[in-house]
Enquirer: 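My structure is below; once you've seen it, I'll send some questions.
Letters go in sequence order (proteins before strands), and every chain restarts at 1.
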Protein chains: 2
Amino acid sequence: MEGNESLEEVRVELGENSYSIIIGNDILSGLGAALKELPIGEKIMVVTNPTVQELYGDITIRSLENAGFQVVMGIVPDGEQYKSMASAQALYDTAFAAGLDRKSAVLALGGGVIGDLAGFVAATYMRGVPFVQVPTTLLAQVDSSVGGKVAVNHPKGKNIIGSFYQPKLVYADINTLRTLDERQFRAGMAEVIKYGVIWDAGFFSYLEENLHKIKGMQNETLVKIVRRSCEIKAHVVEQDEKESGIRAILNYGHTFGHAIEALTNYSVFVHGEAVAIGMVTANRLAQRIGLLSQADLDRIGLLIAKTGLPVDCGNINKQAMLRKMYFDKKVQSGRIKYILPEKIGRVRITDAVDESDVLAVL
Amino acid sequence: MEGNESLEEVRVELGENSYSIIIGNDILSGLGAALKELPIGEKIMVVTNPTVQELYGDITIRSLENAGFQVVMGIVPDGEQYKSMASAQALYDTAFAAGLDRKSAVLALGGGVIGDLAGFVAATYMRGVPFVQVPTTLLAQVDSSVGGKVAVNHPKGKNIIGSFYQPKLVYADINTLRTLDERQFRAGMAEVIKYGVIWDAGFFSYLEENLHKIKGMQNETLVKIVRRSCEIKAHVVEQDEKESGIRAILNYGHTFGHAIEALTNYSVFVHGEAVAIGMVTANRLAQRIGLLSQADLDRIGLLIAKTGLPVDCGNINKQAMLRKMYFDKKVQSGRIKYILPEKIGRVRITDAVDESDVLAVL
């Protein structure tokens with residue numbers, strides 16, 4: 001593939017659903033060649049939005065066509081509100097009109113919204129067709145493109161309609177991060193920091209020591225953090241594809257984060273910012289009930305703050321927040337599961353938390 | 001379970017997606033107890049239509065409530081046109097309003113339309129919740145409730161939106177067949193005869209010899225034909241859950257059948273009738289190209305006719321029929337796969353058929 005020396009591969013081993021994550025700098029022109037290795041037909045529907053199409057549409061289409069694929073574009077307007085069943089229906093129509101069959105692929109070119117939506121369409125068009133993720137945001141590269149969670153939103157809640165559907169390939173070009181606005185880049189960093197806290201103290205230290213290189217968008221550092229994040233996510237997902245157990249640790253910061261997003265009508269914080277605040281909140285809860293040391297609490301908070309992410313959400317109605325948390329998809333039989341760090345590099349899943357302690361840290 | 005002596009169990013072995021099919025006469029009151037064996041939460045959404053609710057709603061709800069479940073009803077109007085995304089959306093709303101979580105079950109009480117729709121909702125609500133099939137038609141008991149195909153229709157084609165999603169339990173009470181109208185019962189018989197032709201010459205002979213008992217709705221005979229049909233379907237599905245190979249043999253009679261249904265706007269023949277005509281057409285094609293003997297062709301045709309099923313569809317536009325066949329979901333890279341019998345009990349999957357031979361037998 002163009003002899004690019006920094007091309008890296010992470011395998012996600014899930015039996016017959018196994019796949020590779022390819023990571024590199026400036027590798028988009030090699031996408032078509034990489035897809036030729038997969039058992040897919042000649043037609044590909046590229047799902048993207050106008051912003052990403054403007055930036056990376058031409059190079060993507062050219063790469064696919066040069067490799068002999070017929071490309072059909074499925075353009076969805078920008079924005080989370082288009083991660084909807086209505087958008088899915090429009091894509092089914094496009095796919096059907098273009099004659100896509102069971103071997104045809106659906107390719108997501110974009111961030112999390114595009115990936116989740118295109119994945120849902122791939123999972124449900126003709127009972128499932130091959131799916132390829134080409135994530136162009138940091139959040140998508142380190143989190144949403146890996147692990148097979150696909151969904152659309154329901155008027156009553158995010159990601160209520162979806163399934164687990166693994167891609168055949170994830171192809172992450174870190175060069176696309178250069179066109180990402182800074183706020184979105186920092187939001188993706190919240191998930192990167194999350195991996196350090198839940199799994200790998202060494203990686204957390206690496207992030208502390210190399211934050212300036214990350215902010216400076218240095219190639220090898222970006223490839224390294226995307227790669228290590230994907231490896232950790234792969235390890236976790238391999239053990240628990242459908243989130244019946246350990247996979248829940250990936251939701252560290254998310255139980256609080258989702259509630260914060262919902263309470264502020266998704267208009268104040270982007271997802272990664274809410275997760276950053278959620279991590280800090282979870283840490284304070286963990287420290288309060290004697291799980292986490294003050295030193296680790298401070299270290300995590302400092303890295304989050306230095307990254308430029310928010311660490312609190314100002315005034316919030318505590319009772320309303322608690323109610324929102326009970327509406328999370330992860331709530332089962334009325335118990336909230338908290339993902340709380342014991343130290344940097346290790347978290348615990350527990351529902352043995354007093355509401356009074358939760359209210360105290362909100 | 002109520003000490004019913006004719007209770008039979010067929011296992012479908014699909015690794016972590018394995019499940020049992022329970023078959024018996026007058027066993028609906030034992031449903032709740034059977035569900036207590038499964039790892040599901042306390043809430044169950046029963047999806048059904050007004051006709052089935054009238055007949056079996058009370059006994060089902062009572063059985064579930066007696067076993068300690070909380071029941072939420074999801075009523076969908078009668079008819080194939082309600083196997084739609086709009087119906088799915090209404091069911092998502094009902095599920096969400098009733099507080100169904102990831103452990104709650106969706107239970108299909110009805111025929112193929114209800115099973116396919118409820119299964120699609122179960123597969124996609126919160127990325128998949130436990131699904132239970134309680135099929136009340138012969139077609140659903142011997143075919144659509146087993147094997148995990150779930151779907152809704154798209155304006156452009158049937159079952160275009162769907163997935164493979166296995167139930168946790170199939171619970172078939174043959175007593176419900178007594179309230180089925182005769183035409184629907186005969187239509188289900190088309191699928192039963194199909195199993196004999198594609199897999200089991202002995203079962204085909206059994207059907208020939210016991211047709212009067214079947215028509216007389218004799219308990220043990222009904223249990224036997226439902227059981228053997230489920231066993232054969234289970235064998236096939238176990239080898240090829242997602243229909244990448246041998247599972248296609250279950251489509252014997254369906255390539256032609258689907259096209260006949262579509263060409264007649266789904267208003268002349270019910271599915272099983274179209275499949276019956278499709279089997280006869282496939283047989284004639286097989287005989288014409290030297291695969292099937294005239295004697296077996298005649299035997300299959302005779303059993304189909306004696307069952308009271310149609311064997312031809314009158315005048316039909318051959319070219320239009322061929323075009324419809326190319327629109328089938330199973331078509332890949334523009335080749336139609338035909339499922340053709342070599343003798344009673346064995347079929348072959350082939351795309352090596354001249355269009356002239358197909359046109360000759362239409």
Side-chain angles (χ1 to χ4, degrees), chain A residues 15-17 39-43 84-86 88-89 91-97 99-104 116 119-129 148-165 241-244 326-335, chain B residues 15-17 39-43 84-86 88-89 91-97 99-104 116 119-129 148-165 241-244 326-335:
Chain A
E16 61 177 12
N17 296 331
I40 60 177
E42 55 267 39
K43 287 183 183 171
S84 64
M85 196 59 93
Q89 301 246 42
L91 291 170
Y92 295 138
D93 291 346
T94 302
F96 199 82
L100 265 69
D101 66 28
R102 287 179 168 186
K103 287 277 179 197
S104 307
D116 283 9
F120 182 74
V121 169
T124 52
Y125 181 69
M126 296 201 175
R127 295 202 178 91
V129 297
K149 282 192 176 183
V150 299
V152 296
N153 298 328
H154 180 276
K156 298 284 174 52
K158 285 178 75 172
N159 298 325
I160 292 294
I161 316 303
S163 62
F164 289 94
Y165 193 73
E241 185 180 353
K242 305 257 173 90
E243 196 167 319
S244 46
Y326 277 104
F327 265 98
D328 197 90
K329 275 195 306 308
K330 278 107 198 165
V331 172
Q332 281 168 12
S333 307
R335 303 284 300 170
Chain B
E16 61 177 11
N17 296 330
I40 59 178
E42 55 266 38
K43 287 185 184 170
S84 64
M85 196 60 95
Q89 301 246 43
L91 291 170
Y92 296 138
D93 291 346
T94 302
F96 199 82
L100 264 70
D101 66 28
R102 286 179 170 188
K103 286 277 182 200
S104 308
D116 284 9
F120 181 74
V121 170
T124 51
Y125 181 69
M126 295 200 176
R127 296 202 179 91
V129 297
K149 283 192 176 182
V150 300
V152 296
N153 298 328
H154 179 276
K156 298 283 174 52
K158 285 179 75 173
N159 298 325
I160 292 294
I161 316 304
S163 62
F164 290 93
Y165 193 72
E241 185 180 353
K242 307 259 173 88
E243 196 166 320
S244 45
Y326 277 104
F327 264 98
D328 197 271
K329 275 196 305 308
K330 278 105 199 166
V331 171
Q332 280 169 11
S333 307
R335 303 285 299 170

Enquirer: If we only count heavy atoms from C-beta on, is the A:Met126 to B:Ile160 side-chain gap below 4.5 Å?
Expert: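 With C-beta onward as the side chain, the pair touches.
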Enquirer: Let me confirm one number: the CZ-CG distance from A:Phe96 to A:Leu91, rounded to the nearest 0.5 Å.
Expert: 15.0 Å
Enquirer: Measure distances from B:Phe120 to the heavy atoms of chain A and classify the residue's part below 4.5 Å as side chain, backbone, both or neither.
Expert: side chain
Enquirer: Can you see which heavy atom on B:Arg127 is nearest to which on A:Ser163, and at what distance?
Expert: CD-O, 3.5 Å
Enquirer: Is chain A contacted by the side chain of B:Val121, its backbone, both, or neither, given a heavy-atom distance below 4.5 Å?
Expert: neither
Enquirer: Need one label for B:Tyr92: side chain, backbone, both or neither, based on atoms under 4.5 Å from any heavy atom in chain A.
Expert: both
Enquirer: Counting only non-hydrogen atoms closer than 4.5 Å, does A:Glu243 touch chain B with its backbone (N, CA, C, O), its side chain (CB onward), both, or neither?
Expert: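 Backbone plus side chain of A:Glu243, per the 4.5 Å heavy-atom cut-off to chain B.
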Enquirer: I'd like to know which of A:His154, A:Glu16, A:Lys43 tops the heavy-atom pair count under 4.5 Å against chain B.
Expert: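 Top option by heavy-atom pairs under 4.5 Å: A:His154.
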Enquirer: With a 3.5 Å distance limit and no angle check, can you tell me whether B:Asn159 reaches the backbone of B:Asn153 through a side-chain donor-acceptor pair?
Expert: no
Enquirer: Check whether B:Lys149 gets within reach of chain A through its side chain, its backbone, both or neither, counting any heavy atom under 4.5 Å.
Expert: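 Both backbone and side chain of B:Lys149 come within 4.5 Å of chain A.
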Enquirer: Testing the basics here: between B:Ala123 and B:Tyr165, what is the closest heavy-atom pair and its distance to 0.1 Å?
Expert: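 For B:Ala123 and B:Tyr165, the tightest heavy-atom pair comes out as CB-CG, 3.4 Å.
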